[in-house]
Amino acid sequence: MPKTTQEVLSAAGGRDERAIYLPLESLDKCTYCAKAAQDAKLSWCTSCAEALYCSSDCQKADWKTHKSKCGTTDRIDLQTYYPFLASIVAVSHLHPKLSHPALNHQIINSPNPNSGEIVAFPNGDKAKMILLGKPVPPSSIGSTEWWPTGTTAKIRHKLMRRIINEGLVLPINLSVCIALLSEMYTTTSSKSTPGKRRVRFSYNRSPITDFGIVHGSAPVTPQDRLAYYNIDTHTFMMGQDPNDHYWIYFTTLSGEEHFLDCNMFTFNFCILAKSDFYANANNGMPDLSVVPAFFFNRDYAKRMPLLGQLIWKPKKRVSILREARLKDLVGASANFDYHDLQSVYELMKDISGRECTDWEKEMMREFLPNTCKLLRINMHTRAYLGFPKEPNIMIETDPGEDVKTDEHDEELDKYLKKWGRRLKKGKISPEQWQKAFNSWRDKPLGAKLEMGGSPTRR
Ligand SMILES: [Zn+2]
Ligand SMILES: [Zn+2]
């Protein structure tokens, strides 16, 4: 059990060496003599399973170098760990510097599910408009004072959480990836770590060889996208942009890919993980009961191979684990000393393909030390050893939303299940499945986009 957060941090901080350990990307050669796998039988170093040798001679010869990296390894399965990362993302959205205008002003129109104005913007974007009136105190958030025409408490709460979880997708996800690099993938070199224990990710026993950020878009209907207009100050603000979206990828040694997206709740994509096990005082976080988390793992990939294509359109991916520019930053971060984030800003520009705003940079500077601290506490207390093997997942339906609007999700769900079953029973080929999927995807979604163009619908 941890003592206090501060004690844990000071015990774990001030570490002497902070070098990044890069896991093997393939099992093709001897770590020492580089003899290829096809020419020799390679075996792991039995203590750490992170170096491969063709003979005991090679292992002996390499020991001088390997000694400093060798140790015992805690392998954390991503399946048990991703709700913890999702909790960090949710906690980031509660940062005291963040004050969303829609949370301290009254909502004066009726953007209830299945109603509310869809507005088209000059650049072609369309979104549901939220009109903001007079300022309201923080205590009123979620109440009828905050949103008088919100039809039920459930509806008001859902919109409130969609707004809280909105925005800053790049800085939040990048800070999670850099924290993993800095706090998990440096553990080998820590002399103060008992038994030179190190912590590494795996998925279903296959080590993670790479992780980083994917930049792309999420096809979101105008009904599910938010925009804000303050009628007193005549200021306009676009909500989170689905065409500038970011999520995290993980690659395994066996060549599988897994994706974690915790930033779609604001788009009404409501897959959540129960988080009371992760977001609590023991782990240095406020208590949260559920957090948005969509982990597209092997199960999804098998059951619904095309679901990923429906949800994301990736444009670019950037490895954080293998990003050379972060080496110095991580080396100097023993005491969370992040005054020079130039390399991170450059990285943000590379990933997004644009100059990031001062606001994004400022919040990156805020998120990074917080995220690193949470990871460091977790590495030090080894709380991950007690995380449930299977996270508790739930899908939140939209209260009061009638079938007309909800049918998009319900239909998709039914459709995928029906065809998934046929595919499983061998009644249809994967090609037929793809065809069936496409015929669904191309029709109703297109029709919905058309409908969204009319501000007077229903
Ligand atoms: Zn060898
Ligand atoms: Zn070893």
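Order of appearance sets the numbers: ligands from 1, and atoms from 1 within every ligand. The shown structure was predicted, so the numbers you read here are calculated from the model rather than taken from an experiment.
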_One thing to verify: whether R325 and D350 come together as a salt bridge, which I'm taking to mean a side-chain N less than 4.0 angstrom from a carboxylate O._
yes
*Please work out which of the three classes, parallel, tilted or perpendicular, describes the rings of F201 and F211, given edges at 30° and 60°.*
perpendicular
*Taking the six-membered ring of Y203 as reference, does the NZ or CZ atom of R298 fall below 6.0 Å from its centre and within a 45° cone about the axis?*
no
*With a cut-off of 2.8 Å, which protein N/O/S atoms are close to the Zn ion (ligand 2), if we only count those under it?*
C45 SG, C48 SG, H66 NE2, C70 SG
*What is the number of protein N/O/S atoms located under 2.8 Å from the Zn ion (ligand 1)?*
4
*asked:* Any carboxylate oxygen within less than 4.0 angstrom of a Lys/Arg side-chain nitrogen, looking at K349 and E360?
replied: no
*asked:* D299: which residues meet the side-chain hydrogen bond (donor to acceptor under 3.5 Å, both in side chains) condition with it, sequence neighbours left out?
replied: none
*Ion pair present between D276 and K274, side-chain N to carboxylate O less than 4.0 angstrom?*
yes
*asked:* Students often mix this up, so state it plainly: with edges at 30° and 60°, are the rings of W312 and F294 parallel, tilted or perpendicular?
replied: tilted
*Got a sec, which residues hit salt bridge (Lys or Arg N to Asp or Glu O under 4.0 Å) with R382, two or more places apart in sequence or on another chain?*
D74
*K389 bridged to D77 by N-O distance under 4.0 Å*: no
